[in-house]
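Residue numbering restarts at 1 for every chain, and letters A, B, ... go by the order of the sequence lines. Just the heavy atoms: all of them, side chains too, but no hydrogens, waters or symmetry mates, feed the values below.
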Amino acid sequence: MARPFNVTEVEAKWQARWLDDGTYEVDNDDPRERFYALTMYPYPSGTAHQGHIRNYTFGDLVARYQTMRGKAVLSPFGFDSFGLPAENAAIKAGSHPRLFTEARMAELKSSIRRLGAVYDWRREVYSHDPQFMKYSQQIFLAFLKAGLAYRAEAPVNWCPGCMTVLANEQVLADGTCERSGDLVERKNLEQWFFKITDYAEELLNDIDDLEWPERVKTMQRNWIGRSEGVEFDLALAYDATKALRVFTTRPDTGFGVTYAVVAPEHPMLAELTTDDERASVEALVERAASASEMERTASSDSGDGLEKRGAFTGSFVVNPFTNEQVPVYVADYVLGTYGTGAIMAVPAEDERDHAFATVHGLKIVRTTQPPEGFAGGAYSGDGVHMNSGFLDGLNVADAKVKAAEHLAKHANGITKVNYRLRDWLVSRQRFWGCPIPVVYCEVHGIVPVPADQLPVLAPDDVTMDKSGLSPLATHEGFRNTVCPIGGEPALREADTMDTFCDSSWYFLRFADPFTPDVAFDPVQVAKWMPVDQYIGGIEHAILHLLYARFYLKALVDIGIAPGLPREPFRRLFTQGMIRLDGSKMSKSKGNLVAPERYYETVGADGLRIFHLFVGPPADNVDWTDQTEELIEGCARFLDRIYRLAQYDEVKFHDVVDDTDVAVRRATHRTILKVTEGLDRWSYNTAVAALMELLNTISKTARSDEGIERATLDESLDTLLTLLAPMAPHLTAELWEARRPNDPSVHLQSWPVADPELVREATVTMVVQVNGKVRARLEVDPTISEDDAQSAALADAAIIGALAGVTPTRVVARPPRLVNIIV
RNA sequence: GGGGGCGUAGCCCAAUUGGCAGAGGCAGGGCGCUUAAACCGCCUCCAGUGAGGGUUCGAGUCCCUUCGCCCCUACCA
C-alpha cells in the first residue's frame, strides 16, 4: 500500500538514534522509582516470528509506558542460547553449534531492533557466554555443597531421536518427546538431580500471593500435586514381623481393602513372589520395564489391557481393619516413584482399583453409601460409612480422622503429605549446554571443580555423532583429567546441564551484569527484584516458572542471594498464541508468516498496532485470509495521523467555541481510557480509543467551521503522546517535526486528564416503563435518586405511557436509568 | 476421566457494581474527489449475544442444563 511518508527511512532513523543516545540504558543507582520489565529471553531460532513480535511489542510497550510514567525502567535483552536445535543443526551441517547459534542470535537481534524495541544492550546476557557459564557452574557447585544437587540412578525417559534423557515434563501425554516426537523409552542411568521437592510446600504456598493469571497458578498447583494421607503397614500374612508399607488418602475406606498392589519396581516384590507365581510376575515386570510410559498407560481403558497388566504375587497381607488376609498383586498402574510404591486397593471407592478388581475377580466391598440412584462402579464422594465396624455412620471427613488414629495405634500409621512433584533431573547427554563442573576421582569420588578453574568449557573439536553417548565423553582430552584434591587420574563429568538451569537465574544477572567473578551482587540485584512485569508465552506456565521460583528460593537460602525476595516474578502476563489453520504458528510446524515483509510495507509501527489491536493480548490470534486487510487498516490509522499532523485540509478559526471544547473533552476522556487500557492489559481498547479520538479531531478540523489552533495542537500532541509507546517511530518523527526544540515524545510525561474536562455536562437518562424505553432525559450526572424519579414521572411521554395507572414500584438508578413498574 | 477458558453483526472485537447491545477496525454498499483508477474523505447496511431454562423491575453479564471450539492435565493411590 502507498504510504504518505517513507516508513523504512523514518523507522531506521529512529532505531539508530535510540541505539546511539542511550535513552533506555538505566543505572542501578538511578534515583527514580524502579520498574523491572522483562520479556522471557528467547531461544535464538533466527529471524523473529509473529509470536516474538507480539511478545516484544507488549514488552516494549510496557517499558516505554512505564518510562513515561517517570520510572527508571530496567528492560534488558538476552538469549537462551544453549539447546538442542542448534546442536542438531550443527550435526546436520557439519559445523559448530556456536557458529550456528551466534548467526541466529544476530538475525533475531536485528529483527527485534527493526521492531523498534528498546533495551539496555549493555546488560545483554546469553547462556553460552563463558562468563555466564562460570556463574551457572558456581551455582551448581553451591547447590552441590548445600545438598541440593545429588546423583542417583533412576529410570529416565530416553528419547532415541534426541539421543538423550528427558525430564518428565518434556515427555508429552502420549509418551512422545515434545521436541522430536519420537516414542520415549525407559532406561536406567546415573543422573544429577536438584532437590526441588525440598521446596514443594513453599512453592505451593507462595503461589497464593502472586499476581499471575489464575490458570497458570492452577497449573502450578496441580503440577506440585500435594496430597495428604496416611502411610502405614500391611503386615505380611506369613511373617508378621515384616510389612508392606502403603500410602493412602482414604484411610476411612480401610474396611474395603480387599487386596494390595505393589509397583513392578518395588524392592519387596521378589520376596513377596512365591515360586508358583514367579513366572507370571517376572513376565509382567519385564513388560513394564521395557515398555514406554505410553504403552504402560495406554491400555487403561480396556479390560483386556488391565488383565495383562497385573499378576498375583502369591503372598497375602493382613488388612489392619478387618484382620482378614488379602492378596498382594503386582500391577503397573501403581507407580514405583510415588508414595511408597505400594497401595491398599479399595475397589468400591477407587475407579482404578474397581476396574482391576473386576477383571481379576477380586472382592468388592462398599464402605461409603453412594447417593440414591448412583449407577457407576466406584464411588469416591462423601457419604455415610457402612460395612466399616467402628467407622459405620460417620461421614468421610470424620471417618478419616478415626481411621488414621486406628492405623497409628495398630499399623505404625503416620499422617503424611505426598507431592506429585519429583526432583528435577538436570543431566543432559548433549554437547551444546553448560558442562556440569565435577570430576570423578577413583580415590575421592565426586569432586567439585575448584573455583579458580571455572568455567569448565567444552573443547571445540568434539564429534557430535549419534552414538548415544554424551559427546564430551568421547573427547579424551576433555574427559581425562586429574583429581583437584590429590592429583590422581580422574574423569570429567561429560553431561551438561538442562537449559532450564540457565533460564532459572538469567533475570538476576540482568539486574547486575557488571560485577565480576560472582553471578551477581545481591545488593545491586535487590534494587530491581522482583520483576515487576514478566511477559511470556503460556507454554512456560509450569516448567520455566517453577524452576526459576525454586532457584531463587534456593539461592537465597544458600547465601548467594541474601536479602532478595523469595519470589522472582511479581506480576506475570501470558500472551496468546498465533495460530494458522487451527494450529500454533511455529518454525517446527513450518507455518510461519514472517514479519519481515511487513517492515517494508506497513512498517514496524503498523505491525505493532495490529498486534495490539487485533484482540485482547491474552487471547489467541487466528491468522486468516483477512489478517492482511486488518494489518493494512492499522497502517491506515497511522497514515491518517500523519496527514492530520501535516494540517492537510484543516481549517482554522480564531476563538474557542463549543466544538473546540468538545474536542478537548474527547481528548481528556481518551487520556483516561488509554491509561486504563494500558494498566489492565486491554491494549485493543486503548488503540480503539485513540482511533476514536483521531476521528473526532479530524472531523472537526476538516469541517467548514474548522478548529481553533491551540485546541488542535493540544489534542494532536496528546494523541501522539498516548500513542508513543505503541507506535514509537511515527510519534517520534511527528513530535520532532512539530516541536523541534522539545525533548523527544518518549521523554514526555504521561498525560494527565483534566477532571473538569472529563466530567460530562449532562448525561442521557433512560426512563423505562416495565423495562421498555419510553423516554430519554438529559440530566445532571450528579442527580439524586429522588430527583431522577420525580423527573421521570413528570415527563410528558411517561405520563402518557402510564395513562393514569399508579406505578407499583419505581427503580431509580441515577443517572443512567429509571424503571417504572406498573 | 479431571481442571480451566471461550461462543456478541459476514469477520476481528467493545460493552463499570446486572441498567439504552456497539467504542474501534475489516469486508460490503452509496456519494464526493479524479479525465479514469488507486489513494483519500464522508455516509451507510448488518446482530439481540450458540441453544434451553431459572433468579431479577431489569441478564451478553449471575445460576442450572445442553451444544460447539480451544488450552492444560491425565493411573500420583
Side-chain angles (χ1 to χ4, degrees), chain A residues 1-4 173-174 213-216 218-219 221-223 225-227 229 246-250 253 261 296-297 299-301 306 309 331-335 337-346 349-353 355-356 418-422 538-539 541-542 576-577 579 582 584 609-610 613-616 618-622 624-634 636-637 639-640 643 648-649 673 676 682 684-695 698-699 702 764-773 776 807-811 813 816-822:
Chain A
M1 65 189 286
R3 306 291 300 270
D174 64 357
E214 266 319 308
R215 65 184 194 125
V216 175
T218 304
M219 282 160 72
R221 286 191 189 102
N222 292 342
W223 191 261
R226 183 183 198 274
S227 66
V246 296
F247 173 75
T248 181
T249 56
R250 291 293 304 276
T253 60
V261 187
R296 184 165 165 176
T297 61
S299 51
S300 58
D301 295 331
L306 278 168
R309 285 171 40 238
D332 60 9
Y333 80 91
V334 171
L335 306 177
T337 48
Y338 182 79
T340 62
I343 61 157
M344 62 176 221
V346 192
E349 276 87 32
D350 182 285
E351 269 183 53
R352 297 153 300 181
D353 297 344
F356 189 85
N418 270 324
Y419 298 91
R420 211 186 74 110
L421 181 71
R422 305 295 150 79
I538 187 72
E539 64 272 22
I542 299 175
M577 292 185 301
R579 293 147 48 90
K584 183 183 175 177
I609 295 293
F610 163 75
F613 184 59
V614 66
D619 285 9
N620 292 338
V621 178
D622 275 312
T624 67
D625 295 344
Q626 219 210 122
T627 301
E628 212 70 34
E629 286 164 338
L630 295 178
I631 294 174
E632 285 184 8
C634 292
R636 201 172 301 146
F637 162 61
D639 290 348
R640 293 181 66 208
R643 286 197 201 91
D648 270 6
E649 297 172 43
K673 283 189 206 164
E676 193 206 278
S682 182
N684 51 331
T685 58
V687 174
L690 288 170
M691 289 174 168
E692 192 180 3
L693 176 62
L694 172 65
N695 289 343
S698 172
K699 213 165 282 184
R702 294 178 190 214
T764 304
M765 185 175 76
V766 171
V767 184
Q768 299 176 328
V769 176
N770 285 340
K772 283 186 182 146
V773 179
R776 293 164 199 277
T808 56
R809 186 178 164 189
V810 179
V811 181
R813 291 285 177 275
R816 313 280 295 259
L817 170 143
V818 174
N819 191 7
I820 300 163
I821 319 302
V822 295

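- Distance noted for atom P between B:rG18 and B:rA74: 37 Å (whole Å).
- Across all strands shown, A:Lys699 has heavy atoms under 4.0 Å from sugar-phosphate atoms exclusively, and none from any base.
- Side chain of A:Arg776, nearest nucleotide from B:rC20, B:rG25, B:rC43: B:rC20.
- At distances below 3.5 Å, not a single donor-acceptor pair connects side-chain atoms of A:Asn620 with backbone N or O atoms of A:Gly576.
- Residue A:Tyr333 places its side chain closer to B:rC75 than to any other of B:rC75, B:rC20, B:rA77.
- One P atom belongs to B:rA9, the other to B:rU66, and the distance between them is 25 Å to the nearest Å.
- Spacing between B:rG19 and B:rG60 at atom P, rounded to whole Å, works out to 9 Å.
- Side-chain N or O atoms of A:Asp350 include none that pairs as donor or acceptor with a backbone N or O of A:Ala345 at under 3.5 Å.
- For the residue pair A:Gly341 and A:Val334, the shortest heavy atom distance occurs at O-CG1, 3.6 Å.
- The nearest whole Å value for the distance from the CZ atom in A:Arg221 to the P atom in B:rA74 is 18 Å.
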Candidate pair A:Asn695 and A:Arg640, rule side-chain hydrogen bond (donor to acceptor under 3.5 Å, both in side chains), full reasoning: CA-CA 9 Å; A:Asn695 289 343; A:Arg640 293 181 66 208; 2.8 Å; yes
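- We find that CG of A:Leu335 is positioned 11 Å from C1' of B:rA74, with the value rounded to whole Å.
- Rounding to the nearest 0.5 angstrom, the gap separating the CG atom in A:Asn418 from the OG1 atom in A:Thr249 is 10.0 Å.
- For the C1' atom pair drawn from B:rA51 and B:rG7, the interatomic distance equals 11 Å after rounding to whole Å.
- In this structure, the CD atom of A:Glu539 is 10 Å from the P atom of B:rC72, given to the nearest Å.
- Taking atom C1' on both B:rC39 and B:rC71, the two are 43 Å apart, rounded to the nearest angstrom.
- Within the structure, every side-chain polar atom (N or O) of A:Arg809 is placed at least 4.0 Å from both OP1 and OP2 of B:rG58.
- No donor-acceptor distance shorter than 3.5 angstrom exists from the side chain of A:Asn684 to the backbone of A:Val614, with no hydrogens or angles considered.
- Spacing of P atoms, B:rC42 relative to B:rC33, comes out at 15 Å, to the nearest Å.
- The CG-P distance, from A:Asp648 to B:rC40, rounds to 13 Å in whole Å.
- The glycosidic torsion of B:rG4 lies more than 90° away from 0, which places this base in the anti conformation.
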Footprint string (nucleotides 11-19 of chain B, 5' to 3'): B base within contact, S backbone only, - free, heavy atoms under 4.0 Å: BSSSSB--B
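- The residue among A:Asn770 and A:Asn695 whose nearest nucleotide of RNA chain B lies closer to the 5′ end is A:Asn695.
- Comparing B:rU73 with B:rC26, their C1' atoms sit 37 Å apart, to the nearest whole Å.
- Atom CH2 in A:Trp223 sits about 7 Å away from atom P in B:rU73, given to the nearest Å.
- Rounded to whole Å, atom C1' of B:rC40 lies 8 Å from atom CD of A:Glu649.
- A:Arg226 pairs by the salt bridge (Lys or Arg N to Asp or Glu O under 4.0 Å) definition with A:Glu201, A:Glu228, not counting sequence neighbours.
- For the salt bridge (Lys or Arg N to Asp or Glu O under 4.0 Å) test, residues two or more places apart in sequence or in another chain that qualify with A:Glu676 are A:Arg680.
- Looking at residues two or more places apart in sequence or on another chain, you find no salt bridge (Lys or Arg N to Asp or Glu O under 4.0 Å) involving A:Asp353.
- When both pairing distances are held under 3.5 Å, B:rG60 makes no Watson-Crick or G-U pair with any nucleotide shown.
- Going from atom CD of A:Glu632 over to atom P of B:rG24 covers 21 Å, rounded to whole Å.
- Here the separation of B:rU65 from B:rA21, taken at their C1' atoms, is 25 Å to the nearest Å.
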Where do N or O atoms of nucleotides 60-62 of chain B meet protein N or O atoms at under 3.5 Å, pair by pair?
none

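- Between B:rC26, B:rC75, B:rG25, one nucleotide has an atom nearer to the side chain of A:Arg640 than all others, and that is B:rG25.
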Between protein and nucleic acid, restricted to nucleotides 2-9 of chain B and to nitrogen or oxygen atoms under 3.5 Å apart, what atom pairs and distances do you find?
none

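- Here the closest heavy-atom approach between residue A:Arg702 and residue A:Arg643 is recorded as NH2-CB, 4.2 Å.
- In this entry the distance linking CE of A:Met219 with P of B:rU73 reads 6 Å, nearest Å.
- With hydrogens and angles ignored, the 3.5 Å screen pairs a side-chain donor or acceptor of A:Arg422 with a backbone N or O of A:Arg420.
- Counting non-hydrogen atoms of other residues, nucleotides and ligands closer than 6.0 Å to CD of A:Glu351 gives a total of 12 or fewer.
- A:Ile821 places a side-chain heavy atom less than 4.5 Å from the side chain of A:Asn770.
- The side chain of A:Val773 lies closest to B:rC20, out of B:rC20, B:rG41, B:rG24.
- Side-chain atoms of A:Glu692 lie closest to B:rG24 of the nucleotides B:rG41, B:rG24, B:rC72.
- Considering every non-hydrogen atom in both A:Ser227 and A:Tyr338, the closest pair reads OG-OH, 2.8 Å.
- Of the listed nucleotides (B:rC42, B:rC70, B:rC75), B:rC42 has the atom at the smallest distance from the side chain of A:Ser698.
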